[in-house]
Amino acid sequence: VVGRSTSAPWNGNAVIPSSVKVGDDRWPVRYMGDAVFEGDHTLKSFQTSSMLEGTGSFRSCTSLTDVVLGEGVTSLSGFEGCSALTNFEFLGPVDYVSDRAFAGCTSLHSLTLPSTVEWVRAEAFMGSGLERIDLGGNVRYLEARAFKNCFNLKSIKGMDAVQTIPDECFAGSALEQFTIPANTSYIYSTAFDGCERLYHLKVDQSNTRYFSHHGDVYGKAAYTDDIE
């Protein structure tokens, strides 16, 4: 288990080894104490080569700029309010992005998720500084407000597998154009609320539920007769 002594001197760069030696034995490092770095304004970088589990471990670490996560990390969580975070690197597969994982990370401008990610949970990137993001192509589930108030978000890729575009998913973003993926079968009416720059919506030709006409999107079953 990883913990931190607040009295121990350090340079703000945390590197977590895959194992530690205690006496004559070597023990694997697998867990990080909940909120172990939360609110630590001296933490500048974090790197691990092995799986670590912990909840909210980096929340409001306002000096944290660089993170490298090793293989075996199955979820992304706990970076809410890390306003200086600019570089984030994955060394292995990740299954999902947790609720509010990167909310308020205003210096995080670009991110590419591993292709193993299938789920982005509620408010995961809300209020972040993202300008562009690639979901990796295999995200099936987006939850409400995932990208709400991402005022600089202009480009999102890798949405091929997304089934639902949920409540206020992109509300307030800077998207200018957007293509509804082939696999999307439901779009909440508030999904694009406040997207004042969004001038063109298209639908993938393989989508069986929706189609586009003059930049607007319609449900095939309900609106076909209304389009001339």
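In this chain, numbering begins with 1 at the start of the sequence shown. These numbers were taken from a predicted model, which means no experiment stands behind them.
Counting all heavy atoms, side chain and backbone alike, Ser212 lies closest to Leu201 at CB-O, 3.7 Å. The two residues Val20 and Val29 have their closest heavy-atom pair at CG1-CG2, 3.9 Å. Here the closest non-hydrogen pair linking Leu91 and Gly70 is CB-CA, 3.9 Å. Between Asn152 and Ala174, the shortest heavy-atom contact is C-CB, 3.9 Å. Here the shortest heavy-atom pairing between Leu153 and Ser155 reads CD1-O, 3.5 Å. Nearest heavy atom pair, residue Gly219 against residue Phe211, reads O-CE2, 4.1 Å.
One distance of note links CG of Asn138 with CH2 of Trp119; it measures 15.5 Å at 0.5 Å rounding. Put simply, CG on Leu64 and CG on Leu43 are 5.0 Å apart, with the number rounded to the nearest 0.5 Å. Note: Cys150 SG to Leu108 CG = 9.5 Å, rounded to the nearest 0.5 Å. Annotation: the span from Arg209 atom CZ to Asn183 atom CG amounts to 14.5 Å, rounded to 0.5 Å. Within the model, atoms OH of Tyr188 and CG of Asp167 stand 7.0 Å from one another, a figure rounded to the nearest 0.5 Å. The distance from atom CD of Gln177 to atom OH of Tyr199, rounded to the nearest 0.5 Å, is 4.0 Å.
There is a path of hydrophobic side-chain contacts, each under 4.5 Å, that joins Leu76 to Ile16. Linking Ile, Leu, Val, Met, Phe, Trp and Tyr whenever their side-chain heavy atoms come within less than 4.5 Å puts Leu85 and Val36 in one cluster. Ile156 and Val217 fall within the same hydrophobic cluster, where Ile, Leu, Val, Met, Phe, Trp and Tyr residues are linked whenever their side-chain heavy atoms come under 4.5 Å apart, directly or through other members. Under a hydrophobic-cluster definition in which Ile, Leu, Val, Met, Phe, Trp and Tyr are linked whenever side-chain heavy atoms come within less than 4.5 Å, directly or via other members, Phe58 and Val68 are assigned to different clusters.
With a 4.5 Å cut-off on side-chain heavy atoms, Leu111 and Leu130 count as touching. The shortest side-chain heavy-atom distance between Ile165 and Thr184 falls under the 4.5 Å cut-off. Side chains of Phe88 and Leu69 form a contact here, defined as non-hydrogen atoms less than 4.5 Å apart. No side-chain heavy atom of Phe147 sits less than 4.5 Å from a side-chain heavy atom of Ser173.
Judged purely by atom type and a 3.5 angstrom limit, Asp66 has no side-chain atom pairing as donor or acceptor with the backbone of Asn87.
Between Phe102 and Phe125, the ring planes are parallel. Angles under 30° get that label, and only those over 60° would be called perpendicular.
For residues 93-115, the side chain to side chain donor-acceptor pair (under 3.5 Å) pairs, not counting sequence neighbours, are Glu80-Arg100, Arg100-Glu123. Within the structure, the salt bridge (charged side-chain N to carboxylate O under 4.0 Å, His left out) test picks out no pair touching residues 197-207 (sequence neighbours left out). Pairs passing the salt bridge (charged side-chain N to carboxylate O under 4.0 Å, His left out) check and including a residue from residues 148-166, sequence neighbours excluded, read Lys148-Glu168.
Of the residues Val120, Thr116, Val97, the one that meets the side-chain contact (heavy atoms from CB on, under 4.5 Å) test with Val139 is Val120. A side-chain contact (heavy atoms from CB on, under 4.5 Å) with Phe170 is found for one member of Thr190, Asp193, Leu175 and no other, namely Leu175.
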**Request:** Go through the steps for His213 and Tyr218 under the test side-chain contact (heavy atoms from CB on, under 4.5 Å), then give the verdict.
**Result:** CA-CA 8 Å; His213 183 76; Tyr218 301 89; 3.8 Å; yes
**Prompt:** Would Tyr141 and Gln163 satisfy side-chain contact (heavy atoms from CB on, under 4.5 Å), going step by step from the backbone distance to the final call?
**Reply:** CA-CA 6 Å; Tyr141 308 108; Gln163 298 177 2; 3.7 Å; yes
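A ring-centre distance under 6.0 Å is found for Phe178 and Phe192.
For the residue pair His41 / Ser63, no side-chain donor-acceptor distance below 3.5 Å is found, with atom types taken as modelled.
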